[in-house]
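As the structure is a computational prediction, the values presented were derived from the model and not from experiment. Computed over heavy atoms, backbone and side chain alike; hydrogens, waters and symmetry mates excluded.
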Amino acid sequence: MGNALRFLYQCCKPTAAGDSESLGHHGVSAATVGVSALAHDLFHFEITSQVPEGLSKHVVSSKKAQANWYRKLVEAWRESKPPPKTPEDTARLVIETLKRHKKADVEGLLAFYGLPLPHPLVELAAEAPTSLPEGVEYEFQTLPVDAKAVADGDTVTVYVSTTDPRESSCVPSDVQLAAVHRSQARSERNYTKADALYDRIVNAGYRVFNFQNEEILARKYRIRLRGIDAPESAMPYGEEAKEELTKIVQGKCLRVLVYGQDRYGRSVGDIYCNGKFVQELMLKKGLAWHYTAYDKRSEFTTWEKQARAKRVGLWASPNPEKPWDWRKDRREGK
């Protein structure tokens, strides 16, 4: 095994019997358990080709698959310069090396060594505004967000009840009539007519929700999160960004502050979920860039720099491709 692993393991050996007894088979001090335990097991694996006992209780894949992980981790540790010394650095090496493997396995492996999970909770600084910031045209509260409504890490489809005062005054009359006639058709069990009327409602940008045993007519909005640009779905960390945004908003009612529309007809806005600023979460978890071409807020730059410094999310890669460059290359056929 490389000198880096051997040296780290020697440095982190337990110095008292109590250390070994309190931390199980790895026998290391509490301060260094994650890093030294993995270093020990990689050192042991290169000699014996054996993965540690007890790992199978934390992961879902076979012993053969586990051996494949350890071979990859041995190579990654050897090539890392400098080698990881903190739990955060070690977790990033594991996540980056095994990013193509099952999420349950990666998280189980991290938990086995007591290392931080891929996207730990972050400390938030921004608070939901009590008055509308400069540039906001209007705000609204959404109905609960469906998981399928998240297109990627910076775009989500939401619905706003037409009982909202701003919405109630601008519902097209043909949509209102279609909703009334659909309800009547359903009560008469004329589902063919009801479905045809519903298609008319959907095509006009509305939808009928059954919410708390009451039918609610709601307007559709596609929201582009202002000031951030997440990796596209086909890019590295694109799926992770989408999953994280889904986790944040799924089933929640959102507060949206709208600044205007983009060229695709999406409402560009700030989103707050249970008082948390969603853009801040995405930036601090390393799942989006600050989109400086369209937003100059200094706090966004600060949050991105914090994620870069910690090498979380996409910043675990040394030189991640910017999504605006990726899109430009594809438009130009590169």
Side-chain angles (χ1 to χ4, degrees), residues 72 76 79 92-93 95-103 106 118-119 135 145-159 202-203 205 220-250 254 256 258-271 277-297 299-334:
K72 291 181 178 181
E79 293 179 354
R92 280 194 288 271
L93 181 139
I95 294 164
E96 180 63 17
T97 303
L98 304 181
K99 63 184 179 183
R100 302 294 182 190
H101 294 267
K102 295 178 181 177
K103 182 179 179 182
V106 176
H119 304 304
V145 178
D146 187 89
K148 295 179 181 179
V150 178
D152 50 38
D154 55 39
T155 307
V156 58
T157 297
V158 300
Y159 286 87
V202 170
N203 291 335
K220 176 181 177 180
Y221 286 88
R222 290 182 66 218
I223 308 299
R224 177 64 166 80
L225 276 67
R226 180 174 180 249
I228 67 170
D229 200 2
E232 300 293 333
S233 297
M235 296 177 65
Y237 292 95
E239 285 302 315
E240 288 87 343
K242 178 180 177 180
E243 288 174 8
E244 183 62 29
L245 183 57
T246 302
K247 189 190 308 180
I248 294 169
V249 303
Q250 182 178 357
L254 309 177
V256 183
V258 178
Y259 290 80
Q261 281 195 340
D262 66 10
R263 57 180 174 172
Y264 303 107
R266 299 175 298 187
S267 299
V268 179
D270 290 340
I271 295 182
F277 189 23
V278 174
Q279 283 100 308
E280 180 182 0
L281 282 167
M282 296 299 289
L283 286 167
K284 285 188 171 180
K285 292 188 175 187
L287 293 171
W289 277 258
H290 178 198
Y291 208 176
T292 54
Y294 295 96
D295 189 287
K296 304 299 182 185
R297 284 178 280 188
E299 61 269 32
F300 280 40
T301 299
T302 299
W303 297 332
E304 181 188 296
K305 286 180 178 178
Q306 290 172 352
R308 282 176 180 257
K310 294 177 181 178
R311 295 178 63 191
V312 296
L314 62 90
W315 303 115
S317 301
N319 188 30
E321 185 177 10
K322 300 177 179 65
W324 51 88
D325 289 340
W326 188 90
R327 291 191 295 266
K328 180 181 177 183
D329 288 346
R330 271 135 195 85
R331 284 196 301 268
E332 296 174 353
K334 295 182 180 179

When every non-hydrogen atom of A316 is compared with those of E96, the smallest separation belongs to CB-OE1, 4.0 Å
Just do the side chain to side chain contact (heavy atoms under 4.5 Å, CB included) check on Q250 and V150 with the steps written out, would you?
CA-CA 9 Å; Q250 182 178 357; V150 178; over 6 Å; no
Is there side-chain contact between V156 and I271, with at least one heavy-atom pair below 4.5 Å?
yes
Ignoring hydrogens, what is the shortest heavy-atom contact between L287 and P231? Give both atom names and the distance.
O-CD, 3.4 Å
Indicate yes or no: at least one non-hydrogen side-chain atom of D229 is less than 4.5 angstrom from one of R224.
yes
How would you list, by chain and number, every residue that makes a salt bridge (charged side-chain N to carboxylate O under 4.0 Å, His left out) with D295, sequence neighbours excluded?
R226, R297
Closest approach of A230 to A241 (non-hydrogen atoms, all atoms of both residues)
CB-CB, 4.2 Å
Going by the rule ring pair (Phe, Tyr, Trp, His ring centres under 6.0 Å), which residues pair with Y221 if we only count those two or more places apart in sequence or in a different chain?
F140
OH (Y294) and NZ (K296) are apart, to the nearest 0.5 Å, by 10.5 Å
Smallest separation among heavy atoms of E321 and M235, with atom names
O-CE, 3.2 Å
Counterpart residues, ring pair (Phe, Tyr, Trp, His ring centres under 6.0 Å), relative to W326 (two or more places apart):
none
I'd like to check S267 versus R222 (side-chain heavy atoms, cut-off strictly below 4.5 Å). Are they in contact?
no
Quick test of your reading of the model: are E244 and K247 salt-bridged, counting only N-O distances below 4.0 Å?
yes
In this structure, NZ of K72 is separated from OG1 of T97 (nearest 0.5 Å) by 9.0 Å
Nearest heavy-atom approach of L93 to A76 is CD1-O, 3.9 Å
Atom pair CZ/CG of F277 and D270 - distance to nearest 0.5 Å
4.0 Å
Any sub-3.5 Å donor-acceptor pair from Q279's side-chain atoms to G269's backbone N or O?
yes
Just jot down the salt bridge (charged side-chain N to carboxylate O under 4.0 Å, His left out) partners of D152, sequence neighbours excluded, or say none.
none
Salt bridge (charged side-chain N to carboxylate O under 4.0 Å, His left out) with R266: which residues, sequence neighbours excluded?
D262
Does the plane of the ring in W324 sit parallel, tilted or perpendicular to the ring in Y291? Use 30° and 60° as the thresholds.
parallel
ring-ring contact (aromatic ring centres under 6.0 Å, His included) with W289: of W303, Y237, W315, only one passes, and it is W315
Output the distance between atom NZ (K103) and atom CG (L98), rounded to the nearest 0.5 Å.
15.0 Å
Can you tell me how far the NZ atom of K285 sits from the CD atom of E280, to the nearest 0.5 Å?
11.0 Å
A288 and L283 have their tightest heavy-atom pair at O-CD2, 3.5 Å
As an exercise, state the distance from OG1 of T155 to CD1 of I223, rounded to the nearest 0.5 Å.
9.5 Å
Could you work out, with ring pair (Phe, Tyr, Trp, His ring centres under 6.0 Å) as the rule, every residue matching Y159, not counting sequence neighbours?
F209
